Amino acid sequence: MVKSNILKQKKNQKNNNNPFEKIVFLFGPTSVGKTNLLSKLDSDKFSVINADSIQVYKGLDIGSAKVTKDVTEKINHYLIDILEPQEQFTVAKFIEEADKAVVEINKENKIPVISGGTAFYFKHFLYGLSNAPASNPQIREHVENLINSKSLEYAYNILKEVDLISYNRINKNDKYRISRALEVFYASGKPLSSFDLPSKYRNNMDPLIIGLYRDKDEMSQRLKLRFDLMMDAGLLDEIRDLNRNDAKEEWPGMQGIGYKEFFIAMKTGEYSISQIGDMIVHNSKKYAKRQYTFFKSFEDVNWIHAAKEKEIIELIENYIKKN
RNA sequence: GCCGCUUUAGCUCAGUUGGUAGAGCAAAGGACUGAAAAUCCUUGUGUCCCUGGUUCAAUUCCUGGAGGCGGCA
């Protein structure tokens with residue numbers, strides 16, 4: 001009894017020193033079953049930080065398969081509903097906000113569980129960003145204009161002059177990355193490749209990283225079922241509300257699967273609901289595949305089949321006990 | 001029943017003036033330096049519907065057949 005109290009004190013002390021010391025990552029592709037697991041966590045011990053680039057947006061509930069109210073009421077969630085769908089979220093903002101949440105959760109003597117499907121956010125939360133300048137809307141627009149008035153090839157050749165390493169790393173068709181690399185050069189006068197990426201975890205993190213998976217057929221079935229459930233839950237009403245609020249295709253939130261398909265359908269007017277559903281399922285499958293590819297490149301991942309709930313909970317319990 | 005068009009990769013279709021064929025989509029794999037549910041890369045052997053004929057050589061031309069689409073009865 002006495003011993004366990006001492007241990008407890010010691011643990012709290014340590015946590016106060018470094019709130020990042022104990023932190024759980026729970027990731028996996030869309031529809032693998034993350035939310036279900038979160039609802040099984042002990043809310044006295046854990047709080048959740050959302051790492052999903054679409055679920056941060058207000059009003060995008062059903063199509064983004066956001067955690068439902070009964071779950072968020074049961075266990076505390078951070079980084080849900082923090083932006084309007086026309087606002088731009090970024091990795092940098094994610095790290096900033098997630099860091100704050102980690103500290104706050106730690107103050108309550110709980111362990112943060114970062115959960116979601118945006119691998120890019122996880123990667124940079126773990127390692128941190130380079131010192132390259134943040135994206136700047138004006139410079140980005142300048143680069144955009146350059147590409148539109150000249151050509152992507154032209155921009156790519158500029159990159160060759162100013163940053164040969166990035167030029168070789170980036171494919172000639174990858175407008176996204178060519179733009180960013182030029183943007184960094186114009187903003188700082190230095191090549192993007194001169195800013196090194198950190199290669200170690202930040203803040204002395206010693207995280208428990210859990211990767212959830214399911215096989216292809218299972219995923220396919222779940223995605224089909226999920227669309228039907230979304231329809232039952234009122235996806236069309238949600239789309240109608242967005243339309244009423246004048247939602248634009250270009251809005252960051254509208255890039256989400258489950259939303260962008262409706263814009264495609266509305267533009268041509270030639271799709272039935274079931275065809276839109278097929279598109280959503282199909283795009284989700286492709287996305288899930290990209291997520292797996294990215295997550296597979298992570299180190300220290302405990303890959304577990306998402307249906308093995310007991311095993312997963314046990315893994316987490318053992319992790320918070322040890323020390 | 002007659003006439004016309006059509007049958008090529010899982011799907012939609014190119015193409016070969018006769019030398020066994022290629023795009024898009026799908027599928028599989030991969031990348032990922034401040035937009036990441038984004039962006040991008042790699043991978044194509046398939047009885048070229050069947051049968052017979054002409055030919056050194058037929059998926060390509062010709063005969064016959066089968067399926068599909070359209071028109072006329």
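Here is how names work: the chains are called A, B, and so on, in the same order as the sequence lines, proteins then strands, and each is numbered from 1. Source: prediction; values computed, not measured.
- As the counterpart of B:A27, B:U43 is assigned, both hydrogen-bonding distances of the Watson-Crick or G-U wobble pattern falling under 3.5 Å.
- Scanning atom types as modelled, no donor and acceptor separated by under 3.5 angstrom connect the side chain of A:R290 and the base of B:A36.
- For A:R177 against B:A35, no side-chain N or O and base N or O form a donor-acceptor pair under 3.5 Å.
- Residue A:S284 is classed as having no contact, given no heavy-atom separation below 4.0 Å to the nucleic acid.
- When ring centroids are compared, A:F295 and A:F298 come within the 6.0 Å threshold.
- Rounded to whole Å, the separation between the P atoms of B:C25 and B:A57 comes to 40 Å.
- With a 3.5 Å ceiling on both atom-pair distances, the Watson-Crick or G-U wobble partner of B:C72 is B:G1.
- Protein atom CD1 of A:I147 is 12 Å distant from nucleotide atom C1' of B:U39, rounded to whole Å.
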Practice problem: Before giving the answer on salt bridge (charged side-chain N to carboxylate O under 4.0 Å, His left out), spell out for A:E317 and A:K310 the whole-Å C-alpha distance, their side-chain angles and the decisive distance to 0.1 Å. | Solution: CA-CA 10 Å; A:E317 291 288 342; A:K310 268 190 189 162; over 6 Å; no

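- Nearer the 5' end of RNA chain B, as judged by each residue's closest nucleotide, is the contact made by A:D196, out of A:Y259 and A:D196.
- Atom CD of A:Q255 and atom C1' of B:A38 are 6 Å apart (whole Å).
- Among B:A38, B:C32, B:G34, the nucleotide with an atom closest to any side-chain atom of A:F294 is B:C32.
- Applying the 4.0 Å criterion to OP1 and OP2 of B:G30, one finds that A:Q291 has every side-chain N and O outside that range.
- Counting only N and O atoms by type, the side chains of A:Y259 and A:E238 include a donor and acceptor under 3.5 Å apart.
- Look at CG on A:L83: it is 11 Å from P on B:A36, rounded to the nearest Å.
- Using modelled atom types and a 3.5 Å distance limit, the side chains of A:N106 and A:E21 yield no donor-acceptor pair.
- The only option from A:R226, A:Q291, A:R222 that meets the side chain to side chain donor-acceptor pair (under 3.5 Å) definition with A:T30 turns out to be A:R226.
- Counting non-hydrogen atoms under 4.0 angstrom, A:K172 reaches nothing in the nucleic acid.
- The distance between the ring centers of A:F89 and A:Y121 falls below 6.0 angstrom.
- With hydrogens and angles ignored, a donor-acceptor pair closer than 3.5 Å exists between the side chain of A:R169 and the base of B:U33.
- Applying the 4.0 Å criterion to OP1 and OP2 of B:C41, one finds that A:N173 has a side-chain N or O inside that range.
- At least one side-chain nitrogen or oxygen of A:H282 sits closer than 4.0 Å to the OP1 or OP2 atom of B:A27.
- Of the side-chain N and O atoms in A:T118, none sit less than 4.0 angstrom from OP1 or OP2 of B:A36.
- Here A:F195 does not pack flat against the base of B:U33, since the 5.5 angstrom centre distance and 30 degree tilt limits are not both met.
- Nucleotide B:U59 is matched to nothing when pairs are restricted to Watson-Crick or G-U wobble geometry with both distances under 3.5 angstrom.
- In terms of phosphate contacts, A:T293 brings no side-chain nitrogen or oxygen within less than 4.0 Å of OP1 or OP2 of B:A31.
- At whole-Å resolution of the value, CD in A:E144 and P in B:A35 are 13 Å apart.
- For the pair A:S130 and A:K175, both in contact range of RNA chain B, the more 5′-proximal nearest nucleotide belongs to A:S130.
- When heavy atoms are screened at a 4.0 angstrom cut-off, A:F89 is found touching the sugar-phosphate backbone but no base atom.
- For the P atoms, the distance linking B:G52 with B:A9 amounts to 22 Å, nearest Å.
- To the nearest whole angstrom, the two C1' atoms, one in B:C41 and one in B:U12, are 25 Å apart.
- Between A:Y121 and B:A36 there is a side-chain N or O to OP1 or OP2 distance below 4.0 Å.
- In this structure, A:I170 places its CD1 atom 10 Å from C1' of B:C32, rounding to the nearest Å.
- Contacts of A:N283 with the nucleic acid, taken as non-hydrogen atoms under 4.0 Å apart, are absent.
- One atom, CG of A:N131, and another, P of B:G34, lie 12 Å apart when rounded to the nearest Å.
- Nucleotide B:C48 is matched to nothing when pairs are restricted to Watson-Crick or G-U wobble geometry with both distances under 3.5 angstrom.
- The phosphate of B:G30 (OP1 or OP2) has a side-chain N or O of A:K296 nearer than 4.0 angstrom.
- Both distances falling under 3.5 Å, in either a Watson-Crick or a G-U wobble arrangement, place B:A66 opposite B:U7.
- For B:A35, there is no paired nucleotide, since no Watson-Crick or G-U wobble pair has both relevant distances below 3.5 Å.
- Of the candidates B:U39, B:A35, B:C41, B:A35 carries the atom nearest the A:S179 side chain, counting heavy atoms from C-beta on.
- Rounding to the nearest 0.5 Å places CD1 of A:I105 at 16.0 Å from NZ of A:K45.
- As a whole-Å value, the separation of A:K123 NZ from B:U33 C1' is 7 Å.
- Side-chain nitrogen and oxygen atoms of A:K216 include none within less than 4.0 Å of the OP1 or OP2 phosphate oxygen of B:A27.
- Straight-line distance between the C1' atoms of B:U45 and B:G22: roughly 13 Å, to the nearest whole Å.
- Here, B:G19 and B:C61 have their P atoms 11 Å apart, quoted to the whole Å.
- Under the Watson-Crick or G-U wobble criterion, with both distances below 3.5 Å, B:U54 has no partner in any strand shown.
- Note: A:Y213 and A:H305 have perpendicular aromatic rings, judged against thresholds of 30 and 60 degrees for the angle between ring planes.
- Comparing the C1' positions of B:A58 and B:C48 gives a spacing of 11 Å, expressed to the nearest Å.
- At whole-Å resolution of the value, OH in A:Y287 and P in B:U39 are 12 Å apart.
- Nucleotides B:A73 and B:G53 place their C1' atoms 34 Å apart, quoted to the nearest Å.
- Comparing the P positions of B:U8 and B:U47 gives an interatomic distance of 11 Å, to the nearest angstrom.
- Pairing of B:C13, defined by two Watson-Crick or G-U wobble distances under 3.5 Å, is identified with B:G22.
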Quiz item: Does the salt bridge (charged side-chain N to carboxylate O under 4.0 Å, His left out) test come out yes or no for A:E97 and A:K100, once each step is laid out?
Solution: CA-CA 5 Å; A:E97 296 299 320; A:K100 277 190 220 161; 3.4 Å; yes

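- Side-chain proximity of A:K289 to B:A35, B:C40, B:G29: nearest is B:G29.
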